[in-house]
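What you are looking at is a predicted structure, and each value in this text was computed from that prediction instead of being measured. Every chain is numbered from 1 and lettered A, B, ... according to where its sequence line falls, protein lines coming before strand lines.
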Amino acid sequence: MDAKTSELTEAQHQAVDHTNGPLLVLAGPGSGKTTVVTQRIANLIQGGVLPWQILALTFTNKAAQEMRDRVYHLLEKSGCHSKGLTVSTFHAFCARILRDWGDRVIGTTSFTIYDTADQRSAMKSAIKTCDLDSSNWRPASVLAAISTAKNKLIDVDTFEQEATDFYGKSIAKMYRAYDNILRENDAVDFDDLLLHTARLLENDIEARQSLEDRYQYVMIDEYQDTNHTQFVIANKIASNHRNICVVGDPDQSIYAWRGADISNILDFEEHYGEGTVIPLGRNFRSTGKIVEAAAALIKNNVQRKDKKLHTELDDGHKPKVDTVASEHEEAHAIVEEVKRLREDGLPLKEMAVLYRINALSRVLEDAFRDEGVPYVVARGTAFYERKEIKQAISYLRLLVNPKDNVAFIRIINTPTRGIGGTSIARLEQLAYTKGLALLETTTMVTKDQGFTTRAINALKKFSETYRQWLVDGRSEESLTAAGSLADLVERVVRESGLEELYSKTSGEEDIDRLQNLEELVSAASEFEQRYDAEHENEKTSTPLSLLFAFLENVALVSDADAIDPENGAVTLMTLHASKGLEFDFVAIAGLEDGLLPHERSLYEESQMEEERRLCYVGITRARKHLMLTTARRRTQRGISNRTIESRFIREMTGVMTQQKTETEPWDIPDVIPEVTNDITVGSMVRHKRFGVGKVQRVIRRPRGSTVTIHFQGGVKHLVLEYANLELVRSSDYSAGNSPPEF
DNA sequence: AACTGTAAACTTTTT
DNA sequence: GTTTACAGTT
């Protein structure tokens, strides 16, 4: 919805004016949800509620920022201010609570937030301590099981009590070990931020009272995507005054896989007996034909309350389905459409390309680049996933939290300092017996513990560097001028040796890495400016405390945060990341069974319905133009396969224009055996690893012929098309290769 | 201890 | 097709 819409519908008015008591707003796509929420906040403040007493929770930083901005502008006109208003993501809000109260639930307020990679390495060591076969327990799947538990507010103790079978007991054991490691390292993972906050609110009366006294009005956006733990957090804070307003749409619930509990929204009236429910059904975003397509699709969901969708706008353009030969043609067709619309006067920033999985972005990016059409991929997290950035961040994290062993391990030998696996194992042993963190142990190493002189010197030098950084980081003097955080970051990048490591002119890649490190310094600088502006009245004590805030910010970025509405470029992103956004033109790529719906959802109806909702979310992002594409053939993981058109297209036929633009044949055989034709029984061939051998047998099959080859090392059965065999002529033997003996 | 190369796994979606 | 993990080499 446009911000300048000043006239509200009756339903919108009702929602805005309903300030006291529980309220559920069922907001369909494009129904002015954000307008209602921001107007409501402005209303409260104008009615005399202190901004400080209002809490609004969103799912991405981007959404929070937008909400803040809009409230600010609404209030500007009336002479009120919004200083002290809390608009935050659930995770960032919980992080702040734990910064205040953390010592009561996790024994510290200066914890580090672990990302997925950190979690994995913590889990790896956890599994090791459990005497379980690590080949049977993959860190990722154990973490997934624990995450599911945490989203249901099941902590370690509860999980242990409830575990009955071998599987459950094994997970419980690893949950305990993992939790111990996190506690030892003063670390929390994403789910912990929610879990520990909920535990705090349940068990600590003082903390709960403090929060419920402060936040007299609570608002939650995208309520259909909250999990049980989040429900408990909001519910505890609002339990006394009961001024809770939640906004959501069951049809747009797309995070059940992450623990989102749709019953939060469905059972709202049960939880809050006196609660009011206001449906916002009229769509002000999309033109008629687009809404028709969305309606045709979503009505196929059985587990759903049927509701009429109607738009206030004209019919507009009919959405179209483009059937193309391959992913390359798909990308081409989308770029061509973008160019056509640009000529019609549509700005690029009003266009988006959506897809089910990130892997699909590659081909699209190539096409946009080749055609010279500006584009941005919404991957805010990508920067922080880079190796060199992770390393720099680890140095910084260790500065703020000396107990962070995961960070320590990642950097103790990067750049190489002559501290290898053996030395690290010894150090871990020493730390274990002394009950200290790894960094704290570095000064205690001696020769009779088995450490080499080289290792001892390197470790001592390492800890001396840290000591120096800490001394300067704690001094208030270095905070006199702006840029103190950036200075600290720059200094760590330089003195850690990372700068030098990537300065060695070894290739293009290293130059990129160096630039990325520079970018990290500017990110710190930008953060500092933003932070100073937002906290102008508060006096920050030291560069280290700024660093704390910066690292927290870094840990909680999301892909959607990277979307910059001001840029003149097409946005490429996953369907999930598109939630809450809108564009004049939307293209959705890869409408194929197995992709959308994704293959992991094909066999369970509830998951299939979530895929359908995901597609529905994508479609309803479009204001004026909608284009869906389906490729007859798609190469995934290096293998090209024929595809089946998505059932979702079938469900929308009649509402859409079908179009086939096949300039290349799609019905070609799956394997082109051309290069392998002259390999027959008796041929001499060379394999990269097995060397030279003689072909014993060839079984021709349409996809993947099997060959039996007698190598020096023994008989091997290989797939002809993938073995990458090189035909060896007898004349080659004289060139120094000794012929195999049989 | 550090580097190099090859096999295996990998892909949903995210704070 | 890409990344990671491990094994083998210097």
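Note: A:Phe190 and A:His91 have perpendicular aromatic rings, judged against thresholds of 30 and 60 degrees for the angle between ring planes.
At the heavy-atom level, A:Thr422 lies under 4.0 Å from the strands shown only through sugar-phosphate atoms. Across all strands shown, A:Lys150 has no heavy atoms under 4.0 Å from either base or sugar-phosphate atoms. Here A:Thr635 lies out of heavy-atom contact (under 4.0 Å) with every strand. Looking at heavy-atom distances under 4.0 Å, A:Asp115 makes no contact with the nucleic acid at all. Residue-level contact check: A:Phe90 touches neither bases nor backbone, having no heavy atom under 4.0 Å from any strand. At a threshold of 4.0 angstrom between heavy atoms, the contacts of A:Asn413 are confined to the sugar-phosphate backbone, with no base atom among them.
Stacking annotation: A:Trp257 is stacked on the base of B:dT13 (ring centroids less than 5.5 angstrom apart, interplanar angle below 30 degrees).
For A:Arg120, a side-chain nitrogen or oxygen approaches OP1 or OP2 of C:dA5 to under 4.0 Å.
A:Asp115 and A:Tyr384 share no donor-acceptor pair across their side chains, judged by distance under 3.5 Å alone.
Nearest heavy atom pair, residue A:Pro597 against residue A:Arg647, reads CG-NE, 4.0 Å.
Under the 4.0 Å criterion applied to side-chain N and carboxylate O atoms, A:Arg397 and A:Asp404 are assigned as salt-bridge partners.
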